[in-house]
Every structure is written in structure tokens, then in C-alpha cells.
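Structure, as C-alpha cells:
All of these numbers come straight from a predicted model, not from anything done at the bench.
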Amino acid sequence: MANMSDIVPPEVRPKPAVPAKPPNVGAPSPSSPFPPQGLGVGGGGISAPPPSAIPVPTGSHGPIHGGSHSVGHGIGHSVSHAGSHTAPHSGGHSHSGSHSSSGGSTLLGYIGIDTIIEQMRKKTMKTGFDFNIMVVGHSGLGKSTLVNTLFKSQVSRRSAGWARDEKIPKTVEIKAVSHVIEEGGVKMKLTVVDTPGFGDQINNDNCWEPISKYINEQYEKFLKEEVNITRKKRIPDTRVHCCLYFISPTGHSLRQLDTEFMKRLSHSVNIIPVIAKADTLTIEERQEFKQRVRKELEMSGIEFYPQKEFDDDMEDKSDNDKIREAMPFAVVGSDKEYQVNGKRVLGRKTAWGIVEVENPNHCEFAQLRDFLIRSHLQDLKEVTHNIHYETYRAKRLNENGGLHPISSAETQESNL
């Protein structure tokens with residue numbers, strides 16, 4: 001072994017310039033796995049190593065080259081020694097006294113990884129996105145009015161040329177109306193799918209079949225676009241992301257048709273049950289009816305959205321449990337405004353007062369809106385794509401032994 005007097009101190013290199021941290025990037029949170037930038041490397045007045053002297057990544061053991069005074073291992077922890085030098089360990093490995101099996105290297109300066117969120121936001125604002133909502137329930141439950149209230153615009157089928165003298169169809173029809181609505185620079189192509197005739201016949205046997213057929217046709221259309229040899233840059237998405245099922249405010253129990261519809265379609269679309277025209281029930285009646293509906297759905301094995309098995313983590317489970325306990329939401333819809341205490345509010349005027357649509361003491365419309373649009377809209381789209389569509393896709397590919405690629409001439413464009 002060489003005498004300590006024979007060791008020539010390595011040359012201390014000048015500290016490289018570290019890019020300035022942008023003002024919009026805050027300090028790491030206390031729970032962050034990364035230490036504050038600038039600490040840990042060159043901390044005791046010793047200069048930071050150049051890029052070639054950065055400690056090796058996790059799981060690799062190699063000598064540290066150059067005139068660095070830092071001793072690094074694992075996630076890049078470093079120990080600084082003022083006026084002393086680190087001799088290589090036998091075998092050429094350098095150690096810092098702590099080993100980590102996972103983690104990244106300590107950053108020497110600002111990189112800009114956090115800007116990916118802003119990049120995604122800009123791209124989404126340019127391209128916009130689709131959201132397709134279906135409303136199901138017998139006539140007179142206020143389906144069109146509620147959809148107009150949800151999106152604060154005339155987006156329902158009735159708002160697009162419906163006449164008051166229109167007769168109830170003899171069979172279930174599927175009618176879709178699309179609108180582009182914009183808020184805060186974000187564009188959304190909203191398609192409202194109505195089902196006139198559902199539940200309005202003397203014999204309602206199999207009246208859910210046209211609805212199920214329509215939902216599967218949209219999956220099929222998307223699948224055919226996917227298996228094309230020359231695919232479109234952006235496949236038009238007409239798949240139903242959400243089905244609002246309107247329950248009559250009887251105060252007693254679900255009809256057999258309600259149970260049968262939700263049982264048959266709950267595995268192919270996100271069903272959200274709502275109690276329509278809740279202002280016809282007292283507060284006590286409403287709570288009892290909600291509990292009875294939840295119990296009947298549970299006994300029938302019907303899982304409505306958000307399904308328990310799709311909770312990602314404990315935080316999601318906690319949030320979704322509160323929503324599931326509050327469902328089905330008892331709602332009132334109205335697109336008319338009235339003056340209440342000096343404010344313009346959406347409501348329904350009665351002989352004894354005004355039912356305020358967005359007042360949580362009057363109904364649960366605000367909860368439904370926040371849940372459907374402000375907190376779970378993206379999740380509705382993801383569950384549709386990752387669960388319901390994937391189930392349909394796997395079934396179709398297994399049946400056919402794989403779909404053969406088709407030409408664009410064989411694919412019909414959606415006229416919605």
C-alpha cells in the first residue's frame with residue numbers, strides 16, 4: 001500500500017454552471033423522495049463533479065472517475081469531505097454508507113420533467129375531446145331538461161327541432177344529437193343519445209335490445225377502425241361513455257323493467273341511476289326511497305358506476321364510497337331562471353315557492369353535476385375504453401379468430 005505522502009491530490013475542477021431554476025417551479029414537498037436541488041453534491045464547499053463523474057445508477061457498481069470528492073452509490077447520495085480525498089474501495093466500488101434498490105439519481109439542476117402536464121393540457125385544448133352520454137327512461141321524467149341543465153345549454157334532442165305534438169314511438173328508437181361546447185378554451189364534442197319509446201309500451205318485453213345493440217355497434221365501429229392497416233390519426237369516438245338511467249319517483253320500489261335493464265347493460269356501459277323529479281318526494285320519502293333502491297340493486301347483483309372493483313387505490317376507494325352511499329342522486333332539472341334573494345337561479349316555480357336546482361338543500365343536482373363532469377368525466381371515458389370496450393374487443397377477436405384488416409371503403413363514417 002502506498003504511503004499517504006505519496007498520494008497526489010487530484011486537481012479540483014471548477015464548478016460547472018447549473019441552469020437557473022425557473023420561478024414557477026416550487027421547492028420539493030416534504031414527502032418528495034428527492035432531496036432539495038443543489039444539496040448533497042458539493043455540499044461542504046467542494047465543487048460538484050462534471051457529468052462524467054455522476055455516481056452510477058441504481059444496481060450498477062463502477063468506479064467514479066475524475067477529480068470528484070463525492071462518494072456515491074445507489075440513488076446518488078454523496079458525502080463531501082473538505083480537504084480529504086476518497087480512496088477507492090477494494091474492487092473499485094465507491095460507497096456512501098446507504099444503499100437503495102429503487103429511486104433515481106440526485107438532480108444537479110432543473111430538467112423540466114414537470115412541464116409534461118402543461119404540454120398535455122395544451123395538446124388537449126387544441127384537439128378537444130369527445131363525451132357521449134345516453135339518457136334512458138320512460139317519457140315525462142325530464143330527461144331532456146336535465147341534460148340541458150347539466151351542460152347549461154340546449155343540447156338535448158328536444159331542443160333540436162322537437163315538436164310538442166310528437167307522438168310516442170311504437171318501438172324504442174335511438175336518436176343522437178351532437179354539439180360542440182366550449183368553456184375556458186377547452187372544446188368538447190358532446191353527443192346526447194336519447195331513447196324515445198323506452199318503457200312506454202303496453203308490452204315492454206326486450207325493449208332494452210335496441211339500446212344494447214346501439215352500444216355494441218359503437219364498439220364494433222371503433223374496433224374496425226382500430227384493425228385497419230391504415231388507421232386514422234384520431235379514431236372518431238362514438239362509444240357511449242355514460243348512461244343516465246331515470247327512475248320514476250314512486251317512493252315504493254324499482255319496476256321490474258328498471259332491474260332488468262340495468263342487469264343486462266351494466267357490464268357493457270357505465271350506468272348511473274338517478275331519481276327523476278325528486279321535488280315530488282318529501283325529504284323523508286326521498287331518503288327511504290334511495291335506501292330501498294340501493295338495497296334492491298345490491299340484491300339483484302347490479303353494479304352501477306363507480307364499480308368497486310375499479311377503484312385504483314385507497315384514496316379512490318374512500319372518495320367513491322362516499323359517492324356510492326349518496327347514489328342514486330335525487331335530482332330536479334330546469335332551464336328556467338328566477339329571482340331569489342337578489343340572485344338569478346335555475347329552478348321550478350310552484351304555488352308554495354321555488355325549487356332551486358343547484359341548492360343542495362332542495363335536491364342533489366349539484367352532486368350529480370360535480371360527480372359526472374368535474375371529478376369523474378375522464379374516468380368514465382377510461383373505464384369505457386379499458387374495461388367495457390376491451391371486454392367487447394376480446395370477445396369479438398376470440399369469436400372470429402382475429403378480425404381481418406379492412407379497407408377504408410368498407411368503413412362507414414359516423415353521421416352523428
What's the verdict on salt bridge (Lys or Arg N to Asp or Glu O under 4.0 Å) for E285 and R292, showing C-alpha distance, side-chain angles and the deciding distance? CA-CA 10 Å; E285 289 172 341; R292 195 172 295 121; over 6 Å; no

Knowing that exactly one of D319, N320, D370 qualifies, which makes a side-chain hydrogen bond (donor to acceptor under 3.5 Å, both in side chains) with H376? N320

Is there side-chain contact between [X] and [Y], with at least one heavy-atom pair below 4.5 Å?
X    : Y    : answer
V240 : Y219 : no
V274 : I247 : no
F310 : I387 : yes
N359 : F365 : no
Q119 : I116 : yes
S178 : K189 : yes
M134 : V269 : no
K213 : E217 : yes

[X] and [Y]: side-chain donor and acceptor closer than 3.5 Å?
X    : Y    : result
R239 : H385 : yes
H388 : N270 : yes
H241 : D130 : no
N132 : T238 : no
H267 : T391 : no
D258 : Y245 : yes

With the threshold set at 4.0 Å, does a side-chain nitrogen-carboxylate oxygen contact exist between [X] and [Y]?
X    : Y    : answer
K322 : E325 : no
D313 : K317 : no
R348 : D335 : no
E225 : K221 : no
E358 : K152 : yes
R393 : E390 : yes
E337 : K343 : no

Is the side chain of [X] donor-acceptor paired with the backbone N or O of [Y] at a distance under 3.5 Å, no angle test?
X    : Y    : result
R231 : E226 : yes
T149 : S334 : yes
S153 : I181 : no
K290 : P328 : yes
S268 : L265 : yes
H179 : V155 : yes
D200 : H138 : no
R234 : T127 : yes
K336 : G347 : no
S318 : M314 : no

E298 vs R294, test: salt bridge (Lys or Arg N to Asp or Glu O under 4.0 Å). Steps then yes/no. CA-CA 6 Å; E298 185 179 350; R294 281 198 299 270; over 6 Å; no

What's the separation between atom [atom1] in [X] and atom [atom2] in [Y], rounded to the nearest 0.5 Å?
X    : Y    : atom1 : atom2 : result
I211 : N216 : CD1   : CG    : 12.0 Å
I235 : N228 : CD1   : CG    : 8.0 Å
I174 : Q218 : CD1   : CD    : 9.5 Å
K381 : N386 : NZ    : CG    : 11.5 Å
L244 : I271 : CG    : CD1   : 10.5 Å
S375 : Q367 : OG    : CD    : 11.0 Å

Closest non-hydrogen atom pair between [X] and [Y], with its separation:
X    : Y    : value
P273 : M262 : CB-SD, 4.3 Å
L150 : L372 : CD1-CD2, 3.8 Å
S144 : D194 : OG-OD2, 4.1 Å
F246 : A276 : CD2-CB, 3.8 Å
Y214 : A176 : OH-CB, 4.2 Å

Are L297 and T259 close enough, and set up right, to give a side chain to side chain contact (heavy atoms under 4.5 Å, CB included), and what steps lead you there? CA-CA 7 Å; L297 291 175; T259 306; 5.9 Å; no

Geometric class of the F329/F371 ring pair [parallel <30°, tilted 30-60°, perpendicular >60°]: tilted

Indicate the ring-plane relationship of F198 and F261, choosing parallel, tilted or perpendicular according to the 30° and 60° boundaries. perpendicular

Around atom [atom1] of [X], are there more than 12 heavy atoms of other residues, nucleotides or ligands at under 6.0 Å?
X    : atom1 : answer
Q256 : CD    : no
Q339 : CD    : yes
I373 : CD1   : yes
E183 : CD    : no

What verdict does the side chain to side chain contact (heavy atoms under 4.5 Å, CB included) test give for I354 and T350, after you've listed the backbone C-alpha separation in whole Å, the side-chain angles of each residue and the deciding distance to 0.1 Å? CA-CA 6 Å; I354 295 174; T350 65; over 6 Å; no

List the steps and the verdict of side chain to side chain contact (heavy atoms under 4.5 Å, CB included) for C243 and V136. CA-CA 7 Å; C243 174; V136 180; 3.7 Å; yes

Which donor-acceptor pairs under 3.5 Å do side chains of residues 299-308 form with protein atoms, sequence neighbours excluded?
{"unit_1": "S300", "atom_1": "OG", "unit_2": "E296", "atom_2": "O", "d": "2.9"}
{"unit_1": "Y305", "atom_1": "OH", "unit_2": "D379", "atom_2": "OD2", "d": "2.4"}

For E220 and R396, what are the C-alpha separation, side-chain angles and deciding distance, and is it a salt bridge (Lys or Arg N to Asp or Glu O under 4.0 Å)? CA-CA 9 Å; E220 183 71 16; R396 284 285 286 116; 2.7 Å; yes

Please step through side chain to side chain contact (heavy atoms under 4.5 Å, CB included) for the pair L190 and F151, ending with a clear verdict. CA-CA 9 Å; L190 174 69; F151 296 98; 3.6 Å; yes

